[in-house]
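Here is the structure we will look at, set down as structure tokens.
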Protein chains: 2
Amino acid sequence: MAQGRKSKREHLVETAQQLFYREGIKGTGIDTVLEHAGVAKRTLYNHFKSKDELVIATLQHRDQEFMAMLKAGVKKYESKQTGEPIFARVLAYFDAIAEWTTSRQFSGCMFINASAEYPRQDHPVHVICAMHKRLVIQYIEELMAGIPLADPHELAVQFAVLTDGAIVNAHTTSNKNAAQVAKQIALSLLTMHAAGAPADHKQ
Amino acid sequence: MAQGRKSKREHLVETAQQLFYREGIKGTGIDTVLEHAGVAKRTLYNHFKSKDELVIATLQHRDQEFMAMLKAGVKKYESKQTGEPIFARVLAYFDAIAEWTTSRQFSGCMFINASAEYPRQDHPVHVICAMHKRLVIQYIEELMAGIPLADPHELAVQFAVLTDGAIVNAHTTSNKNAAQVAKQIALSLLTMHAAGAPADHKQ
DNA sequence: CAATGAGTACACCGATCAGTATACATTAAA
DNA sequence: TTTAATGTATACTGATCGGTGTACTCATTG
């Protein structure tokens, strides 16, 4: 098994990911990917039997990468939160989203973009996108583990809606504040629904 | 000026809009549009000098149609709201969004989808999408005209973020509840920020 | 009737698309 | 050293892309 520091397959996936993200999936031809990767066409088709397969591998790779980015962001911002300590992790999550949506290369959520390019709900790409979103909700629930809530899942869904809204709004209208808007709303919801959180007693 | 009940141009725009919405813009070829419209290729290129121009005309048409749909929805649901009457119009707006996102042909927001297909922020399509979103925010502000608020615009932006989130979430994860989730959050924010609304005095 | 403008039918263009075929080079393990 | 796997280079396929050229029909209008 000949392989450099990175396998050709991995290199192709990473190159394709960049291009798909910047130019869209249907806006990026196979030849463009090969050109940027410096890899022969035959090699690509030895690893993937079609462009669709490359697209799916790309989205799976992005899923891993994105979740890792989120977790790193939460770790980074968790300690910088003021106010109620049990809220720190969820609020840090929104800071992570904010950092991402205001970064220079930000171009929306790859999964939202992909499912916009493949609108049919039964298309594999669309299915993968739905799975990713479900994973994010699950992660948000984990972040709220320490908070006494009547229905943690429902609040996680609300936060997911807020997140998607912030991402899309930031992308379409170039609004650098969108994620902070979402964070503020999230904080309101937290204080509203957290029953008997210390230092938050009603009057 | 020969013209049937509808001008060829209008017919082309409406046909293209349907197809672009269902199959994506880059996923729909000119020939497909012509086939469905039953119009000669030359006719199309007499009205539009490129596909991009047709796309833009389509988005402008959709903007009109969408705003009309929103206004009709608000009128329809306004009287059916319970609780604080000055909130009725904004809450009806979310019901209109809910009706749309749960309708059979719903396939996301055409503008969000379009700007996902054309990720570059300076592309004309992206610019039109941003304009549309700004129009919606303006409309939301109008709906809140009767509510005493410290910063109506900020709340309108929050509602826009909620709306985008609901739309995207409904589309990507087939969540029929997304818009109702957004409405609930909106109601919370309204009661929280509406200063001195009757029957809403503190304590 | 003549002229004009709008639409049609259809052939055609070069470019690009995803994907294949073939022949050769490199590498590493047996 | 032989063998097999992996990758490269390049040419090619058939389909489709957006867009053009041309000759025609048809209805209106002066």
Side-chain angles (χ1 to χ4, degrees), chain A residues 1-59 113-114 116-120 123-125 128, chain B residues 1-59 113-114 117-120 123-126 128:
Chain A
M1 298 162 199
Q3 80 185 62
R5 351 189 39 179
K6 265 181 242 177
S7 75
K8 293 285 172 186
R9 188 193 150 95
E10 195 177 350
H11 183 221
L12 279 168
V13 168
E14 287 174 7
T15 307
Q17 186 185 311
Q18 274 190 63
L19 293 168
F20 290 163
Y21 185 57
R22 288 205 306 249
E23 311 287 344
I25 296 172
K26 289 179 180 168
T28 306
I30 289 290
D31 291 334
T32 308
V33 175
L34 296 172
E35 209 172 283
H36 280 75
V39 163
K41 187 176 268 196
R42 210 49 225 272
T43 305
L44 189 152
Y45 281 101
N46 281 340
H47 286 290
F48 309 95
K49 59 179 179 186
S50 66
K51 183 187 181 181
D52 268 17
E53 235 183 43
L54 172 62
V55 170
I56 286 169
T58 296
L59 291 173
N113 294 353
E117 288 203 70
Y118 297 84
R120 297 233 114 105
H123 192 286
V125 165
I128 288 186
Chain B
M1 295 161 203
Q3 80 183 62
R5 349 189 40 178
K6 265 181 237 172
S7 75
K8 292 286 173 187
R9 187 193 151 97
E10 197 178 348
H11 183 223
L12 279 168
V13 167
E14 286 173 9
T15 308
Q17 186 185 311
Q18 274 190 63
L19 293 167
F20 289 164
Y21 185 56
R22 288 205 308 251
E23 311 287 345
I25 296 173
K26 289 180 181 167
T28 306
I30 288 290
D31 291 335
T32 308
V33 175
L34 296 173
E35 207 172 284
H36 279 75
V39 163
K41 186 177 268 196
R42 236 304 124 83
T43 305
L44 189 153
Y45 282 101
N46 281 340
H47 287 290
F48 310 95
K49 59 180 180 185
S50 66
K51 184 187 181 180
D52 268 16
E53 235 183 43
L54 172 63
V55 170
I56 286 169
T58 295
L59 291 173
N113 294 354
E117 288 204 70
Y118 297 84
R120 296 232 113 105
H123 192 286
V125 165
H126 212 104
I128 288 186

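This structure is a prediction, so every number in the text was calculated from the model and none was measured. Convention: sequence-line order gives letters A, B, ...; per-chain numbering from 1.
The phosphate of dG7(C) (OP1 or OP2) has no side-chain N or O of K8(B) nearer than 4.0 angstrom.
Counting to the nearest Å, the C1' atom of dT16(C) and the CG atom of L34(A) are 14 Å from each other. In this entry the distance linking NE2 of H11(A) with P of dG7(D) reads 13 Å, nearest Å. Between D52(B) atom CG and dC17(D) atom C1' the separation is 13 Å, expressed in whole Å.
Looking at E53(B), its side chain does come within 3.5 Å of a backbone N or O of K49(B) through a donor-acceptor pair. Distance alone, capped at 3.5 Å, is enough to place a donor-acceptor pair between the K51(B) side chain and the I25(B) backbone. A donor-acceptor pair under 3.5 Å is formed between the side chain of K26(A) and the backbone N or O of E117(A).
Applying a 4.0 Å cut-off to non-hydrogen atoms, the residues of residues 35-50 of chain B that approach DNA chain D are K41(B), R42(B), Y45(B), S50(B), listed by residue number. Non-hydrogen atoms lying under 4.0 Å from DNA chain D are contributed by T28(B), G29(B), all within residues 12-29 of chain B.
Contact annotation: the side chain of P124(B) approaches that of I56(B) to within less than 4.5 Å [non-hydrogen atoms, C-beta and beyond]. In this structure, H123(A) and D52(A) have side chains that are in contact, with non-hydrogen atoms separated by less than 4.5 Å. With contacts defined as side-chain heavy-atom distances shorter than 4.5 Å, the pair T28(B)/Q18(B) does not qualify.
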Run the side-chain donor-acceptor check on residues 30-44 of chain A: report pairs under 3.5 Å with partners two or more places apart or on a different chain.
from	atom 1	to	atom 2	distance (Å)
D31(A)	OD1	K41(A)	NZ	3.2
H36(A)	ND1	T32(A)	O	3.0

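For the side chain to side chain contact (heavy atoms under 4.5 Å, CB included) with Q17(B), the lone residue among L12(B), L54(B), V55(B), T58(B) that qualifies is T58(B).
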